[in-house]
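These notes are about the structure you will find just below.
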Amino acid sequence: MSYVAIPYLHLLIAASMLVVAWAISWREGLGMGSDIAIGGVRAFLQLTAMGFVLGALFRHPEPGWVLLLLAVMLAVAAWNAAGRLKSRVPGLRLSMLLAIGFGASIPVATVILLVLQVKPWYQPQYIVPVAGMILGNAMSAAVLAGNRWLAELKLRRAEVEAALALGASPARASAAARREALRAAALPTVSAMMVVGVVQLPGMMTGQLIAGQDPGEAVRYQVVVMFMLSCGVTLASWALLTMLRKATFTSAEQLRPELF
Amino acid sequence: MDLLGLKGVTCTVPGAARPLVEEVSLELRVGDRLALVGPSGAGKSSLLRLVNRLSEPSSGEIRVLGKSLPDWPVRELRRAAALVFQVPALFDGTVRANLLFGPAQAGRALDETRLLELLADVSLAPEFLAREARSLSIGEQQRVALARALALEPRLLLLDEPTSALDPPNARALVQMLVELCTRRSLAAVLVTHQLEHARAFGTRVAFMSGGRIRAVQPVTEFFESPACAEAREFIASGGEESP
């Protein structure tokens with residue numbers, strides 16, 4: 001197996017592509033110039049740091065350190081997701097932490113322990129990228145679910161309150177909003193499954209192909225990834241919406257006035 | 001026993017210049033029909049939401065059937081004091097499904113006779129049961145919304161401007177129907193309205209509200225002949241206010 005290594009100098013050539021994005025933002029007055037610049041630098045620094053951390057972990061695989069890294073990744077995902085919700089729901093960060101953690105842990109455990117049967121389970125080569133993919137997708141799904149939930153409740157407020165006034169539970173009164181939110185959160189992953197391999201060769205498979213892996217092997221990994229992402233994304237948004245519902249209604253079964 | 005009693009009820013919202021509802025006291029007895037009138041923004045709808053416990057008062061006490069609101073299981077309270085909104089807010093599905101919704105939340109089913117009775121109560125023909133609720137005219141939808149609330153077997157009806165989307169003849173017919181219904185079913189009711197004509201036709205008493213406060217509560221003829229406050233007098237002289 002052999003592949004082309006990227007010298008640091010060549011990264012600068014790659015960075016010129018970012019300049020194109022920056023130039024379009026500047027010309028069209030998108031006001032995203034600094035975000036693109038900061039994002040570019042952050043991506044480089046964060047990935048480089050992760051490279052060092054992974055390097056160290058690969059040399060000395062210790063379960064404690066692996067778990068610590070996963071916990072940090074989870075916390076950052078939850079923090080980021082909470083910040084991207086358009087409303088100040090009480091206890092949001094904790095809800096995100098629990099929802100994304102719950103949504104990610106079940107598919108990660110399934111893949112590591114049952115599908116790949118990695119021994120020992122904490123081999124960073126497997127668990128870190130698998131968890132990273134799930135956390136990233138679960139984070140985006142949780143944000144989609146949360147924002148859609150709040151938007152639907154605003155839109156359907158009359159209907160929700162009419163149901164409450166007829167003696168319905170908050171769960172029953174908000175069932176339609178919850179369905180829409182779950183659908184919105186699952187849609188990108190489900191749509192991706194529809195076109196994967198035809199339109200898009202996803203990151204993990206691309207990486208394995210470039211690293212010289214047998215395409216058949218790379219494909220099987222990717223299939224596993226798609227299945228686990230569907231699971232993680234729906235579990236995380238389901239859990240988040242269950243917690244958000246508690247936070248959106250008061251104990252007297254009213255829509256929390258400060259949110260609407 | 002008072003069906004409804006409010007004592008010093010105030011409801012404030014953070015950031016608002018004044019309370020939505022301020023120091024409101026009011027009683028309603030069996031057979032009472034109270035027309036709650038006043039300019040828009042007076043706090044009339046907010047008051048009904050407080051009684052149905054869709055909003056929470058900041059101070060004061062509300063009693064329904066002699067029991068203070070916090071002592072009620074909230075879903076039972078909402079069935080006992082049914083609220084009909086300004087917009088019908090019917091659910092997707094047939095009229096039948098809409099009528100069955102409320103009782104189903106309490107684990108009750110309605111038989112065909114009762115469903116037809118509910119339609120008759122709001123002057124709708126039996127064929128309406130199978131119609132798509134949201135495809136009906138706004139006037140018909142408002143009647144279905146009313147029947148949906150009646151299906152809860154409430155003791156008290158809270159009507160938040162149910163006539164506001166209707167043209168004058170339909171609005172008049174609905175108010176007339178409400179009066180007959182309350183009499184026939186011995187229901188007490190509060191009707192929020194902008195229109196003096198409806199207040200006169202509906203109420204046994206009239207409460208005039210402005211700036212979050214109740215300024216006058218009088219028997220209906222007395223209210224129109226000699227209103228208890230200057231503001232109410234002006235309101236009557238101006239012919240009330242059209243719906244916004």
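To find a chain, count down the sequence lines: A is the first, B the second, and so on, and within it residues start at 1.
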Indicate the atoms forming the closest heavy-atom contact of [X] with [Y], along with that distance.
X	Y	value
B:Ala89	A:Ala158	CB-O, 3.8 Å
B:Arg75	A:Ser169	NH2-CB, 3.4 Å
A:Gly167	B:Gln105	O-CB, 3.5 Å
B:Leu152	A:Ala165	CD1-O, 4.1 Å

task: Could you tell me which of B:Leu83, B:Leu54, B:Leu158 has the largest number of non-hydrogen atom pairs under 4.5 Å with chain A?
output: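 The candidate making the most pairs under 4.5 Å is B:Leu54.
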
message: Counting only heavy atoms from other residues, nucleotides and ligands, does the tally under 6.0 Å from CH2 of B:Trp72 exceed 12?
response: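 Counting other residues, nucleotides and ligands, CH2 of B:Trp72 exceeds 12 neighbours.
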
- request: Examine whether an atom of A:Ala163 lies under 4.5 Å from a heavy atom of chain B, and if so say whether it belongs to the side chain, the backbone or both; otherwise answer neither.
  value: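 Both backbone and side chain of A:Ala163 come within 4.5 Å of chain B.
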
query: Which of residues 246-259 of chain A have a heavy atom under 4.5 Å from any heavy atom of chain B?
result: A:Ala252, A:Glu253, A:Gln254

- request: Would you mind checking which part of B:Arg148 comes under 4.5 Å of any heavy atom in chain A, side chain (CB onward), backbone (N, CA, C, O), both or neither?
  value: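 Both backbone and side chain of B:Arg148 come within 4.5 Å of chain A.
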
Contact class of B:Glu76 relative to chain A, heavy atoms under 4.5 angstrom: neither

- prompt: At what distance, to the nearest 0.5 angstrom, does CG of B:Asp92 lie from CD of A:Glu159?
  reply: 7.0 Å

query: Roughly how far, to the nearest 0.5 Å, is CZ of B:Phe101 from CZ of A:Arg172?
result: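 Rounded to the nearest 0.5 Å, the CZ-CZ separation comes to 4.5 Å.
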
- prompt: Heavy atoms, side chains only, cut-off 4.5 Å: are A:Leu164 and B:Arg78 in contact?
  reply: yes

